[in-house]
Amino acid sequence: MVSKITLEVFRYRPDQETQPSFDSYEVPCEKDWVILDALNYIKDQIDGTLSYRWSCRMGVCGSCGMMVNGEPVLTCATFLNKFLPGPVKIEPLEHFPVVRDLIIEMSDFIGKLQKVKPWIVRKEEKSLEDGEYIQTPEQLGDYKQYSMCINCMLCYSACPVYGLEPEFVGPAVIALAQRYNLDSRDQGKGEREEILSQDDGIWQCTFVGECSEVCPENVDPAGAIQRYKVAATNNWWKSLLMPWGKSE
Amino acid sequence: MFKSSRFPIYYKGHPRMFVKDKPIFWWALKWVHARFIIRELTSVPVAFYAIILILQIRALSLGPEAYANFTNWLKTPLSLSLHVISFLFVIYHSVTWFNLAPKAIVIRIGKNRIPGLVITGLNYVAWAIFSVAIAWLFLNLDNLM
Amino acid sequence: MDNFSHDVLIIGGGGAGLRAAIAVAEINPKLNVAVISKVYPMRSHTVSAEGGAAAVIKPDDSLDHHAYDTISGGDWLCDQDAVEAFVNEAPKEMLQLEHWGCPWSRQDDGTIAVRPFGGMKIERTWFASDKTGFHMLHTLYQTSLKYDPIQRYDEWFVTKLIVDDGRCQGAVAIELATGQVQAIAAKSVVICTGGCGKVFPFTTNANIKTGDGMALAYRAGVPLKDMEFIQYHPTGLPFTGILITEATRAEGGYMLNKDGYRYLQDYDLGTPQTEPVLRSMELGPRDRLSQAFVKEMEKGNTLEGLYGQFVHLDIRHLGEKKINAKLPFVRELCLKYENIDPVNEMIPVRPVVHYMMGGIHTDINGATPLPGLYAAGETACVSINGANRLGSNSLTELLVFGARVGSVAAEFASNQSDYTFDMAYESITEENHIKNQFFKEKKNQERIADIRKEMHKTMEEGCGIYRTENSLLASQNILTDLKERFSHVAIDDHSRTFNTELVAALELSNLLDLAESIVQSALSRKESRGSHQRTDYEKRDDENYLAHSLAYQEKDNKPRIEYLPVTITKWPPGERVYGR
């Protein structure tokens, strides 16, 4: 006998209603089911109108982040039976406008990512004929952690600063900027610092540290931001004490 | 087409998005957030102590009598309890700060990154040394002068 | 942007699509290039590839070696001129990605590290730890952000190609956030929408891999090439299709049937030893392992689970210490996504569909027979993969043919005049068509999930690892029936805002067309070659079938098959020898 569990799912249908509500669905609770499997069961068998994003079901595409009992998680990596006897509350990621049901509006993140120039900036490009840039495993290790970000945006849901100040660039974007800053092939640190040391940049972070706690890839955005602050402060002192010197 | 504003304008049938307001007491709903707010609040006792220091200098400049009055006030239960609270808050701030230090500081020796625990530990060691030094100075100040 | 008119429109924002977009922007920055995708680009399935990407870099390797491995692996169905171009441009493309910041794994001296992969003599697989596809996709995506001419339609679902005046001039798409149906004009259109693994029930493919681009081209009159060739991986998790890597068997894992018997010994794959032996038993070739599973299932020796038949992959005897040291990723996958600890439990596995060798018929530059329409990546069939793709060629293929297709599409667009169709008319007609198809109350309403399930079942049973005339004919009949039933599909969700049920219906309609083309192609090819195994025609037949199949959609929506000879340059067909 398979046990059952009730899901209380956040519903918002802008075509029909102005306020959200919760719908309850009873689903089987298989041992190998994750929250996402339960949602798929609802969509296929009970209510085709339930809307959410998903794709790979193996924690790498970053589509299926939601609030489960108030915590931001990837629903493909969160087992259902953990919540027995239930009920489980499923809501869209916090701090984002909700387009519909469990789907949030994410163009804010997309725009901010572009703003910090997440690409290799070079004063002079090396030609392909000259082969690869030399990068030792240690140099790779300097930024590797920050390159693991899957853009799932759980960290934005965990960050109270972003919840209060939507202009804040936010954890993942700063970690990705840092990913390029720390890459031995990159020379764009200065350009990025100009953007990130502005009011809505790194200094908004008050170091709650929750972004690193919820990150499914152990990117540690909190660490990235604090290191950024240290570097920016150093540069500020350097430019103050040695205005003739070149800042990095 | 994406725009970086929070509410992009769509061409037709712009979706009415639902935005949840953050309740005033949002920070009380989760322990981690409460912990964070307490940490932010530690700035209040620090400010309190700065004011005490200013008042102390003022009393000193007004003469021995005023200073004696001030030190008498410092001995009242109210003042003592405020000091104890400030002390606890400052300890809380320092401990959380030291625990966070390894996030901000990355030191390498050769190929290896120094583990976070070592960095935290070194911070505590430095803290202890400074505290002992200040205590020693305080207890022996009279002898030195 | 606001006038929905572009020089180049790229459908699909995965590895190939983004590479193509960058190529257009670099070749001619004056061109206006748009990428349209049903998901945000970094969600594309390129992200899931683990292994690596092949390109010759070692001094003891050579382009000819890479070409030969590819061609023999493909059972001589590859077009050899295309393979030569591919291996030739591969190293340059991989280096280009390095210059754009891809975190390739390195040797101690800081040069690129390469590792060996199945079917290769010399190490030539570039990798970024065990997340190569992820790093490639994010590098391409982030790099694409620096090019101003690249515009994006994120989360728009393309429903139709617009063909006017004898050339492809754009597409009609639904903006998912608003439900708006909009025609988009372009001087050239490139399809990079990936494969269609979701035709089958058990697949490593993500939910989004529904072959949308293949169906778009097919319906526009472009033939689909070599659709009968479908690559399986022998050890996937039954429910999720998550891959359990070959390394699990290489470290000494056993494949066991329901009696706990190492059944591979019954299929001419050697005698069981305690320690793993190369090319024997569990380390036999992938397709032989998949085939053994089917035979074992027919004997009734497999286990029955919630999601169908499976066997066990047992690594418990390796012990926790060795599993943690050698197979941490496998343990993590099982723990995190399947709720199984392989230290104490056997892993349920079965063969799963992994990759489509076939796809939209293109020439060596990615051009289809329809002027103005191009394709690259898994959705296209150039063909370099022949009857069976060589491991770690697909990621490289994205780059090489993404770049090639970008440059030819850019050139074509530069020489075209403006679009000739009526944009408002196309938009409204398609919107009405969709509404009529899905939003009307119908008698005998059908559910999407039911039809999808039956399609899965019949494709698995009739067109799976082994095929026969009878099994294929049965599938063909069921598919005809399912298409009829699909016309009765009505969806619960009638709203404009992010209607995912509508998307699922449109995807299913694509899958049904593709399933038909696969079955028809498999039915016509009366031989066994590479991944296409007919039990009624067990031998390869070079006399009649050293040729690509081309499936055209006829007026009655049925496929018609033609053949196109394979291009041979310097490697005459030989015996395909496993585990050289």
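Heavy atoms only: backbone and side chains are in, while hydrogens, waters and symmetry mates are out. Chain letters run A, B, ... following the sequence lines, proteins first, then strands; residues in each count from 1.
The most heavy-atom pairs under 4.5 Å with chain C, out of E125(A), M58(A), E30(A), come from M58(A). Among the candidates C56(A), G131(A), P118(A), G59(A), the residue making the largest number of heavy-atom pairs closer than 4.5 Å to chain C is P118(A). Between chain A and the options V39(C), I491(C), V503(C), T111(C), the largest number of non-hydrogen pairs under 4.5 Å is found for T111(C). Ranking S184(A), C76(A), S63(A) against chain C, the residue ahead of the rest is S63(A), based on heavy-atom pairs under 4.5 Å. Of the listed residues (S44(C), P103(C), A449(C), G133(C)), the greatest number of heavy-atom pairs within a distance under 4.5 Å of chain A belongs to P103(C). The candidate with the highest count of non-hydrogen atom pairs below 4.5 Å against chain A, out of D492(C), T204(C), N205(C), is D492(C). Here L306(C) is the residue among I340(C), L502(C), L333(C), L306(C) with the most heavy-atom pairs under 4.5 Å with chain A. Most heavy-atom pairs under 4.5 Å with chain A, from the set I57(C), T143(C), T240(C): that is T240(C). When each of Q139(A), Q45(A), K31(A), Q16(A) is checked for heavy-atom pairs under 4.5 Å with chain C, K31(A) comes out on top. Of the residues considered (T136(A), I134(A), V34(A)), I134(A) shows the highest number of contacts with chain C, using heavy-atom pairs under 4.5 Å. The choice from K92(C), K131(C), H138(C), Q107(C) that makes the most heavy-atom pairs within less than 4.5 Å of chain A is H138(C).
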Worksheet entry | Worked check of side-chain contact (heavy atoms from CB on, under 4.5 Å) between D154(C) and M106(A) | CA-CA 11 Å; D154(C) 293 334; M106(A) 59 179 276; over 6 Å; no
Discussion item. Is there a side-chain contact (heavy atoms from CB on, under 4.5 Å) between M148(A) and H135(C)? Walk through the geometry before answering.
Written reply: CA-CA 8 Å; M148(A) 302 305 288; H135(C) 285 298; 3.5 Å; yes
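A salt bridge between D44(A) and K453(C) is absent, with no side-chain N of the basic residue lying under 4.0 Å from a carboxylate O of the acidic one. E155(C) has no carboxylate O lying under 4.0 Å from a charged side-chain N of R100(A), or vice versa, which leaves the two without a salt bridge.
Only the side chain of N81(A) comes within less than 4.5 Å of a heavy atom in chain C; its backbone stays farther off. With a threshold of 4.5 angstrom between heavy atoms, L176(C) does not approach chain A through any atom at all. Of the atoms belonging to E93(C), not a single heavy atom falls under 4.5 Å from chain A. For R447(C), the part lying near chain A is the side chain, with the backbone staying farther off; criterion is any non-hydrogen pair under 4.5 Å. Heavy atoms of F134(C) lying under 4.5 Å from chain A belong exclusively to its side chain. Neither the backbone nor the side chain of R13(A) has a heavy atom closer than 4.5 Å to any heavy atom of chain C. Only the backbone of L50(A) comes within contact range of chain C, judged by heavy atoms closer than 4.5 Å. For L128(A), the parts sitting under 4.5 Å from any heavy atom of chain C are the backbone and the side chain alike. With a threshold of 4.5 angstrom between heavy atoms, Y52(A) approaches chain C through N, CA, C or O but not through any side-chain atom. Using a 4.5 Å cut-off between heavy atoms, I448(C) makes no contact with chain A at all. Of the atoms belonging to S129(C), heavy atoms from both backbone and side chain fall under 4.5 Å from chain A.
Exactly one residue among R122(A), K126(A), R185(A) makes a side-chain contact (heavy atoms from CB on, under 4.5 Å) with H99(C). That residue is K126(A).
T497(C) and D15(A) share a side-chain donor-acceptor pair at under 3.5 Å.
In this structure, D183(A) and G101(C) approach most closely via the heavy-atom pair OD2-O, 4.2 Å. Closest of all the heavy-atom pairs between I208(C) and W54(A) is CG2-O, 4.5 Å. Closest of all the heavy-atom pairs between L335(C) and F79(A) is O-CE1, 3.0 Å.
R43(C) contributes a side-chain N or O that, together with a main-chain N or O of C61(A), makes up a donor-acceptor pair within less than 3.5 Å. Between the side chain of R57(A) and the backbone N or O of Y337(C), at least one donor-acceptor pair lies under 3.5 Å. Side-chain N or O atoms of E132(A) include none that pairs as donor or acceptor with a backbone N or O of E98(C) at under 3.5 Å.
The CZ atom of R53(A) lies 14.0 Å from the CG atom of N207(C); values are rounded to the nearest 0.5 Å.
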